J.: 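I'd like to ask some things about the structure below.
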Amino acid sequence: MSYDHKSIEKKWQSFWEDNKTFKTDINSDKEKFYVLDMFPYPSGAGLHVGHPEGYTATDILARMKRMQGYEVLHPMGWDAFGLPAEQYALDTGNNPKEFTDKNIQNFRRQIKSLGFSYDWDREVNTTDPDYYKWTQWIFLKLYEKGLAYIDEVPVNWCPALGTVLANEEVIDGKSERGGHPVIRKPMKQWVLKITEYADRLLEDLEELDWPESIKEMQRNWIGRSEGAEITFEIDGTGHFFKAFTTRPDTLYGATYAVLSPEHPLIDKIVADEQKELVKKYQEDVAAKSDLERTDLNKEKTGVFTGAYAINPINGEKMPVWIADYVLMSYGTGAIMAVPAHDERDYEFAKKFDLPIKEVVEGGNVEKEAYTGDGKHINSGILDGLNKEEAIDKAIEWLEANGKGVRKITYRLRDWLFSRQRYWGEPIPIIHWEDGTMEPVPEEELPLTLPETNEIKPSGTGESPLANIKEWVEVTDPKTGRKGRRETNTMPQWAGSCWYYLRYIDPHNPEQLADPEKLKKWLPVDVYIGGAEHAVLHLLYARFWHKVLYDIGAVPTKEPFQKLFNQGMILGENNEKMSKSKGNVVNPDEIVESHGADTLRLYEMFMGPLEASIAWSTEGLDGAKRFLDRVWRLFVNEKGNLSERIKDQENKNLEKVYHETVKKVTEHFEGLRFNTGISQLMVFINESYKAEYIPKDFAEGFVKLISPVTPHLAEELWSRLGHTESISYEPWPTYDESKLVEDEVEIVIQVMGKVRAKMMVPKDASKEELETMALENEKIQEWIENKTVRKVIVVPGKLVNIVAN
RNA sequence: GCGGGUGUGGCGGAAUUGGCAGACGCGCUAGACUUAGGAUCUAGUGUCUUUUGACGUGGGGGUUCGACUCCCUCCACCCGCACCA
């Protein structure tokens, strides 16, 4: 007989909801534990089986920690701004809010059907004005600190649609919707100065308990490099440009210079006879997409400008070229080229027949660039030095002679923060007719999105908000001067940058959150989510957190102490689940057919949490079968508590029980749910072999499995005669002394191969073990006619006899 | 190309500081119960071999009494970045 998951799961979900079982007492005296999920974007497609994987993992921790006496904060909410709702609105003329709310309802229903122990009174929604009031407030703080500024940045402009498109809406240079041409057009954009925090974002990674791979990705993304910025004069013009290099030691080997095709200096220095060529090249490059400029472009291209730069250290003339292998967006958009010691410059020099001058010994510059260390030659004051010394000396010389400075450059760029969209947080800024701009006063926040059924492209590249005159046009009540509201909205990242703070104090009308509460509850103890957010979300959230730390709004330097990335659940064919491949598993159907507990158990048992593993219907059936097996052990055919459970000790189960408590506790703690669950299975297998099960052990087992399969556990707990929820029952403890038996089996090896086993007292000495092993009958056969050279004894484990 | 990671039965995966490789589950085989079984229970299940035994953790080499585990080298796959000066 199998248990009826449908009625049981429904029953306990109502019980938890009615009793507010999982309400967090934010002022509790208990020790806190904050376990957080990456909150979802509530898409129209509904929940995916990938969602419950991370959610189950955090739920297990939350439930176990509650039973271990912690006050647990385990919240859920919605990252609900975003492109799909805007597109839906453009298509149907409906307000995206309705669409979003409907999706949220569906997500909430699905999540609740899985039995997660969220405190639903703390639900946050990034599109709620009471929430985005504080997103806007944080923006104003960034603005006040000079960390938000306006810059001209090229965007994907689609003239036919009259709108700006996100990168993912552009396919092969055409708009995804309609296939219209898309061009790059510079527009005024808000940008956040994340680069100012680059060093701290880098350094503080050290103290975080995050996967090394994610830290490494963030380090690479920030891309700090040390070197020098060198000033070059253009011969005979009085113009200068600066070039960043990590190898100032190779300055004597710089034989030409390259400017990015977008470099502003080009027009001023280009020689008349080269003007046409240069212009043509610039136009060609501008027409190329980013992809063409990087991925597909293996062959180096470039054009000589006709101008010469002076190498400051030896006064030699270096031809100035322009080439698209130099990017305007990195460093200064200009380089000194040292073909002998840089692969890119080498390739370029070979192609255009530019001189290659060796200044570091150790390679063969006839064949390839040498980037390694070595003794400097042909380098005047640097001769004889190795790389590191030469770098220092070169910088000293540059600084002393006013030709350059020590400099650190980052790959990280400032964060483009504007979106030309309706469905996002309005940026609370007013542009006045006199050309000045001012923030919306704090007391006027939230600056709400105007309700409208007319979400249409503005046609100018501004967001659809530009169409709504009553909203956009403002008059200063004091002075009567007129102005326009900022029509750009914030990107989806904004709301997710700080939601973990709002959960701590979700209804506070006065503050983002009460500092006292933040002090108790930060940082997040465990944060689990997909690796797709390894860089952007996690870096942006860390940036905002640090800014908030600097203004005293939060008490910690970092938001997320421990981070874990769950893997992906693949389709049964081992491919990523997708509608087009038809391999998507819908959690609703599984909850219906197998139950939420089975789904939770299966997803945790599939393999390590971080691994990407294919879905298996047979594996799912196996999980259900195990739960049936548990049920039958506890409940008899008539539906009563089984006779096998007795109020009586059973020595035979003692060891396995204590072992199970230990292993399950440790493995769950370490997020190794698959191995924890396997131990629960071992216990059930042993219990089936036993004549009867002591009630203590039965209850302990139900507690141990309860974080994974809470509905089943609550039901068994009540059938064991309890009237309270199992959720706050004390977590089982184990007795170390019960783990070791008086007699242990040890292995006897001859030449490292297992030849016999024997039972010995657990505290047998080395000498005793050696004697016993040598006397063993089987061993005697093996060492017959051989000389025993050495005997290695590991007490409690093995004896290895070396004989030949 | 650079950086990070992973390679263990038919499959998903276990294995503490170097100490019985393959826990647990799936699948499969045989049997029991049954009108029936895709339910349940019992036994078996790395490969080769008649037994004894030999071999076996991507390939090759090394350190060690002993290596999935440590070192060298090669291969394959996955993820991230990708002309970052």
Side-chain angles (χ1 to χ4, degrees), chain A residues 1-2 211-221 223-225 227-229 243-248 250 258 260 293-295 297-298 300 323-327 329-338 341-345 347-348 409-413 531-532 534-535 565 567-568 574 601-602 605-608 610-623 625-626 628-629 632 663 666-667 672 674-685 688 745-757 781 789-794 796-804:
Chain A
M1 194 190 108
S2 68
E212 198 45 47
S213 62
I214 301 288
K215 289 196 196 178
E216 198 56 33
M217 277 163 73
Q218 293 216 345
R219 286 188 198 111
N220 292 340
W221 193 263
R224 182 181 199 270
S225 41
E229 196 173 82
F244 175 73
T245 177
T246 54
R247 296 292 305 272
T250 60
V258 186
S260 161
R293 268 187 79 164
T294 57
D295 234 24
N297 184 19
K298 298 284 173 232
K300 293 248 179 314
D324 67 353
Y325 83 93
V326 174
L327 309 174
S329 52
Y330 183 77
T332 61
I335 62 158
M336 66 175 208
V338 184
H341 305 290
D342 181 283
E343 280 159 27
R344 296 151 301 184
D345 297 342
E347 200 188 320
F348 192 82
T409 295
Y410 302 91
R411 199 190 79 105
L412 180 71
R413 321 269 164 78
E532 65 273 21
V535 176
N565 288 120
M568 228 183 322
N574 240 304
L601 177 77
Y602 171 60
F605 186 63
M606 289 175 91
E610 69 274 21
S612 289
I613 301 170
W615 181 266
S616 153
T617 304
E618 277 158 346
L620 178 75
D621 290 340
R625 213 173 306 157
F626 170 66
D628 284 339
R629 218 163 122 75
R632 282 196 312 271
K663 283 195 179 168
E666 288 173 357
H667 288 196
R672 296 183 301 272
N674 55 329
T675 46
I677 289 166
S678 97
Q679 185 61 35
L680 292 170
M681 291 172 168
V682 169
F683 179 78
I684 290 300
N685 291 344
Y688 264 97
E745 187 184 58
I746 72 154
V747 170
I748 312 172
Q749 300 179 333
V750 177
M751 299 300 286
K753 297 232 156 80
V754 180
R755 297 302 180 192
K757 296 178 182 181
E781 284 173 35
R789 308 272 175 198
K790 196 174 175 185
V791 179
I792 293 115
V793 183
V794 183
K797 284 253 163 77
L798 58 76
V799 179
N800 187 15
I801 298 160
V802 185
N804 56 16

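Only a predicted model underlies this, so the values are computations on that prediction, with no experimental measurement involved.
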J.: Within this structure, what is the OH-to-P distance between A:Tyr688 and B:rU40, rounded to whole angstrom?
T.: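 Checked: the OH to P distance equals 10 Å.
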J.: I'd like a table of atom pairs between the protein and nucleotides 27-33 of chain B - only N or O on both sides, under 3.5 Å - with the distance next to each one.
T.:
{"residue": "B:rG27", "atom": "OP2", "partner": "A:Arg625", "partner atom": "NH1", "Å": "3.4"}

J.: For A:Thr250 versus A:Met336, what's the shortest heavy-atom pair and its separation?
T.: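 Looks like OG1-CE, 3.7 Å.
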J.: Take atom C1' in B:rC70 and the same atom in B:rG18, then report the distance between them in whole Å.
T.: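 Pairwise C1' distance, B:rC70 against B:rG18, rounds to 8 Å.
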J.: Going by the rule side-chain contact (heavy atoms from CB on, under 4.5 Å), which residues pair with A:Glu532 if we only count those two or more places apart in sequence or in a different chain?
T.: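 Scan of A:Glu532 (side-chain contact (heavy atoms from CB on, under 4.5 Å), adjacent residues dropped) gives none.
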J.: Sugar-phosphate atoms are those with a prime plus P, OP1 and OP2; base atoms are the rest. Using that split, label each nucleotide of nucleotides 3-19 of chain B B, S or - for protein heavy atoms under 4.0 Å, 5' to 3'.
T.: SS-------BSS----B
J.: How far, in whole Å, is B:rU42 from B:rC33 if one measures between their C1' atoms?
T.: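 So the two C1' atoms sit 11 Å from each other.
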J.: What's the CZ-P distance between A:Phe626 and B:rA39, to the nearest Å?
T.: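 Going from A:Phe626 (CZ) to B:rA39 (P), I get 18 Å.
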J.: Give the rounded distance in Å between these two atoms: CD1 of A:Ile684 and C1' of B:rG25.
T.: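 After rounding, the gap between these two atoms is 15 Å.
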J.: Report the residues that fulfil side-chain contact (heavy atoms from CB on, under 4.5 Å) with A:Phe605, sequence neighbours left out, ordered by chain and then residue number.
T.: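 Only A:Ile677, A:Ser678, A:Met681 meet the side-chain contact (heavy atoms from CB on, under 4.5 Å) criterion with A:Phe605.
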J.: Round to the nearest Å and state the distance from A:Arg219 atom CZ to B:rA82 atom C1'.
T.: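 Nearest whole value for this atom pair: 19 Å.
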J.: Consider the side chain of A:Val747, meaning its heavy atoms from C-beta on, and name the nucleotide among B:rC20, B:rC41, B:rC83 that approaches it most closely.
T.: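 Nearest nucleotide to the side chain: B:rC20.
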J.: Syn or anti for B:rG9? Use the chi torsion, O4'-C1'-N9-C4 for purines and O4'-C1'-N1-C2 for pyrimidines, with syn inside 90° of 0.
T.: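 It is syn.
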J.: From the list B:rC41, B:rC24, B:rA85, which nucleotide is the closest neighbour of the side chain of A:Arg632?
T.: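 Nearest to the side-chain atoms of A:Arg632, counting from C-beta on, is B:rC41.
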J.: Going by side-chain contact (heavy atoms from CB on, under 4.5 Å), name the residues that satisfy it together with A:Asn574, two or more places apart in sequence or in a different chain.
T.: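 With sequence neighbours excluded, A:Asn574 shows a side-chain contact (heavy atoms from CB on, under 4.5 Å) to A:Leu570, A:Ala614, given in chain and number order.
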J.: With sequence neighbours left out, what residues match A:Arg625 under side-chain hydrogen bond (donor to acceptor under 3.5 Å, both in side chains)?
T.: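 A:Arg625 satisfies side-chain hydrogen bond (donor to acceptor under 3.5 Å, both in side chains) with no other residue.
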J.: Closest to the A:Lys790 side chain: B:rA85, B:rC65, B:rG25?
T.: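 Per side-chain heavy atoms of A:Lys790, the pick is B:rC65.
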J.: Whether the side chain of A:Tyr325 engages the backbone of A:Phe348 through a donor-acceptor N/O pair (distance < 3.5 Å, no angle test) should be reported.
T.: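 No: the side chain of A:Tyr325 does not pair with the backbone of A:Phe348.
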J.: Classify the ring geometry of A:Phe244 against A:Tyr330: parallel below 30°, tilted from 30° to 60°, perpendicular beyond 60°.
T.: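 A:Phe244 and A:Tyr330: perpendicular rings.
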J.: Minimum heavy-atom separation for A:Ser225 to A:Thr246, with atom names?
T.: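 Where A:Ser225 meets A:Thr246 most closely, the heavy atoms are CB-CG2, 3.9 Å.
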J.: Measuring only the C1' atom in each nucleotide, how far is B:rG9 from B:rU29? A whole number of Å is fine.
T.: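 Result for the C1' pair: 16 Å, nearest Å.
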J.: Please state how far atom CG in A:Asp345 lies from atom C1' in B:rC83, giving the value in whole angstrom units.
T.: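 In whole Å, B:rC83 C1' lies 10 Å from A:Asp345 CG.
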J.: Rounding to the closest angstrom, what is the interatomic distance between B:rC20 and B:rA14 at atom C1'?
T.: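 After rounding to an integer number of Å, I get 15 Å for this pair.
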J.: Determine the contact category for A:Asn685: base if any of its heavy atoms lies under 4.0 Å from a base atom, sugar-phosphate if only primed atoms, P, OP1 or OP2 are that close, otherwise nothing.
T.: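 Here A:Asn685 touches the backbone only, sparing every base.
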J.: From CD1 of A:Ile214 over to P of B:rC81, roughly how many Å is that when rounded to an integer?
T.: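 A:Ile214 atom CD1 is separated from B:rC81 atom P by 11 Å.
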J.: Who are the side-chain hydrogen bond (donor to acceptor under 3.5 Å, both in side chains) partners of A:Arg672, not counting sequence neighbours?
T.: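 Once residues adjacent in sequence are excluded, A:Arg672 has no partner under the side-chain hydrogen bond (donor to acceptor under 3.5 Å, both in side chains) criterion.
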J.: Taking any heavy-atom pair under 4.0 Å as a contact, classify A:Ser225: base, sugar-phosphate, or nothing.
T.: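 Counting heavy atoms under 4.0 Å across all strands, the contact made by A:Ser225 is with sugar-phosphate only.
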J.: Can you list the residues that meet the side-chain hydrogen bond (donor to acceptor under 3.5 Å, both in side chains) rule with A:Gln749, with sequence neighbours excluded?
T.: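 Here no residue qualifies.
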J.: For A:Arg411 and A:Gly622, take the nucleotide of RNA chain B holding the closest heavy atom to each; which residue's nucleotide lies nearer the 5' end?
T.: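 The residue whose closest nucleotide sits nearer the 5' end is A:Gly622.
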J.: If I pick the C1' atom on B:rA32 and the same atom on B:rC24, what distance separates them, to the nearest angstrom?
T.: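 Roughly 25 Å separates the two C1' atoms.
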J.: Please report the distance, rounded to the nearest Å, between NE2 in A:His341 and P in B:rC83.
T.: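 That distance rounds to 23 Å.
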J.: Of all residues at least two apart in sequence or in a different chain, which pass the side-chain hydrogen bond (donor to acceptor under 3.5 Å, both in side chains) check with A:Ser213?
T.: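 Applying side-chain hydrogen bond (donor to acceptor under 3.5 Å, both in side chains) to A:Ser213 gives none.
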J.: Let me know the distance between CZ of A:Arg755 and P of B:rC65, rounded to the nearest Å.
T.: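 Computing the A:Arg755:CZ to B:rC65:P distance gives 18 Å.
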J.: If you write RNA chain B from 5' to 3' in dot-bracket form, with Watson-Crick or G-U pairs under 3.5 Å, [ ] for crossing pairs and | for pairs with another strand, what do you get?
T.: (((((((..(((......[....)))((((((.......))))))(((....)))..(((((..]....))))))))))))....
J.: Residues two or more places apart in sequence or in another chain: which of them pass ring pair (Phe, Tyr, Trp, His ring centres under 6.0 Å) with A:Tyr602?
T.: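 In terms of ring pair (Phe, Tyr, Trp, His ring centres under 6.0 Å), with neighbours along the sequence ignored, A:Tyr602 is linked to A:Trp615.
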J.: On RNA chain B, check which nucleotide each of A:Arg413 and A:Val535 is closest to and give me the residue with the more 5' one.
T.: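 Its nearest nucleotide being more 5', the pick is A:Val535.
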J.: Apply side-chain contact (heavy atoms from CB on, under 4.5 Å) to A:Arg755 and list each qualifying residue two or more places apart in sequence or on a separate chain.
T.: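 side-chain contact (heavy atoms from CB on, under 4.5 Å) check on A:Arg755 returns A:Val750, A:Lys753, A:Ile779, A:Trp782.
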J.: If the P atom of B:rA67 is compared with that of B:rG22, how far apart are they to the nearest Å?
T.: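 Straight-line distance between the two P atoms is 16 Å.
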J.: Take atom C1' in B:rG80 and the same atom in B:rU17, then report the distance between them in whole Å.
T.: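 That atom pair is separated by 33 Å.
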J.: What distance, rounded to whole Å, do you find between the two C1' atoms, one in B:rC77 and one in B:rG59?
T.: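 The same atom, C1', in both gives a distance of 15 Å.
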